[in-house]
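Beneath this line is the structure, given in structure tokens, with notes to follow.
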Amino acid sequence: MNISIITWMVFLPLAGGLLLAVAGEEDEAGRRRVRVISIAVSLITFVLSLGLYYGFRADYAGMQFVERLDWIPRFGIAYKVGIDGI
């Protein structure tokens, strides 16, 4: 399964937030761990966004970087993300 950049950009901060929830910050080491996780997740998300920025075609009016995965096909429910030109 090939996962697009947009999906990583959506779910990476969510995973980072869950990691922060269990990281704890009772002492100085916990606060340092929280800072490191926050900065790392933010920087990785930013680097991924650069791929979208440089790969985006402004001359194309349709959806770009589209990903569609059937989630519950029986009911026609799917996960679909993409970027448009607005």
Side-chain angles (χ1 to χ4, degrees):
M1 175 167 49
N2 188 11
I3 299 175
S4 75
I5 295 174
I6 297 175
T7 297
W8 281 106
M9 289 181 60
V10 168
F11 289 105
L12 184 64
L14 177 65
L18 293 173
L19 244 151
L20 290 174
V22 297
E25 60 172 295
E26 293 82 28
D27 56 354
E28 184 58 36
R31 286 189 286 275
R32 170 178 227 126
R33 195 170 34 249
V34 166
R35 279 193 298 266
V36 168
I37 293 170
S38 300
I39 291 172
V41 169
S42 297
L43 285 175
I44 293 169
T45 305
F46 174 70
V47 169
L48 289 173
S49 74
L50 292 176
L52 292 178
Y53 178 76
Y54 288 111
F56 187 78
R57 289 184 27 212
D59 59 335
Y60 180 71
M63 295 291 286
Q64 298 180 47
F65 302 103
V66 176
E67 179 181 14
R68 177 184 161 87
L69 297 170
D70 289 329
W71 186 28
I72 307 173
R74 181 177 181 185
F75 298 111
I77 298 172
Y79 167 80
K80 185 174 181 180
V81 291
I83 298 176
D84 64 2
I86 295 180

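All of these numbers come straight from a predicted model, not from anything done at the bench.
- Residues satisfying the side-chain hydrogen bond (donor to acceptor under 3.5 Å, both in side chains) criterion with Arg32, sequence neighbours excluded, are absent altogether.
- In this structure, CZ on Phe56 lies 7.5 Å from CG on Asp84, to the nearest 0.5 angstrom.
- Taking every heavy atom of both residues into account, Gln64 and Gly55 meet most closely at OE1-O, 4.2 Å.
- Closest non-hydrogen pair, Gly30 versus Asp27, comes out as N-OD1, 3.0 Å.
- A side chain to side chain donor-acceptor pair (under 3.5 Å) check over residues 9-23, counting only residues at least two apart or in different chains, returns nothing.
- Taking the side-chain hydrogen bond (donor to acceptor under 3.5 Å, both in side chains) definition, one finds that Thr7 meets it with Glu67, Tyr79, sequence neighbours left out.
- Rounding to the nearest 0.5 Å gives a distance of 12.5 Å between CZ of Arg68 and CE of Met63.
- The side-chain contact (heavy atoms from CB on, under 4.5 Å) search around Ile37 returns Leu19, Leu20, Ala23, Arg33, Val41, not counting sequence neighbours.
- Applying the side-chain contact (heavy atoms from CB on, under 4.5 Å) rule to Leu50 yields the partners Phe46, Tyr54; only residues at least two apart in sequence or on another chain are considered.
- Note on Leu43 and Phe11: separate hydrophobic clusters, where clusters join Ile, Leu, Val, Met, Phe, Trp and Tyr whose side-chain heavy atoms are under 4.5 Å apart, directly or indirectly.
- Legend: residues meeting side-chain hydrogen bond (donor to acceptor under 3.5 Å, both in side chains) with Arg35, ordered by chain and number and at least two apart, are Glu28.
- Contacts classified as side chain to side chain donor-acceptor pair (under 3.5 Å) and involving residues 9-18 (residues at least two apart or in different chains) are not found.
- Ile72 shares a hydrophobic cluster with Trp71, Phe75, Ile77; the chain of contacts runs through ILVMFWY side chains whose heavy atoms sit under 4.5 Å apart.
- Sequence neighbours left out, the pairs with a member in residues 40-63 that pass salt bridge (charged side-chain N to carboxylate O under 4.0 Å, His left out) are Arg57-Asp59.
- In this structure Tyr53 satisfies the side-chain contact (heavy atoms from CB on, under 4.5 Å) test with no other residue, sequence neighbours excluded.
- By the criterion of side-chain heavy atoms lying less than 4.5 angstrom apart, applied directly or through intervening Ile, Leu, Val, Met, Phe, Trp or Tyr residues, Val66 is not grouped with Trp8; the two fall into different hydrophobic clusters.
- Every pair tested for salt bridge (charged side-chain N to carboxylate O under 4.0 Å, His left out) that includes a residue from residues 38-48 fails, sequence neighbours excluded, so the list is empty.
- Remark: Ile6 pairs with Ser4, Val10, Leu52, Phe65, Val81, Ile83 by the side-chain contact (heavy atoms from CB on, under 4.5 Å) rule, at least two apart or across chains.
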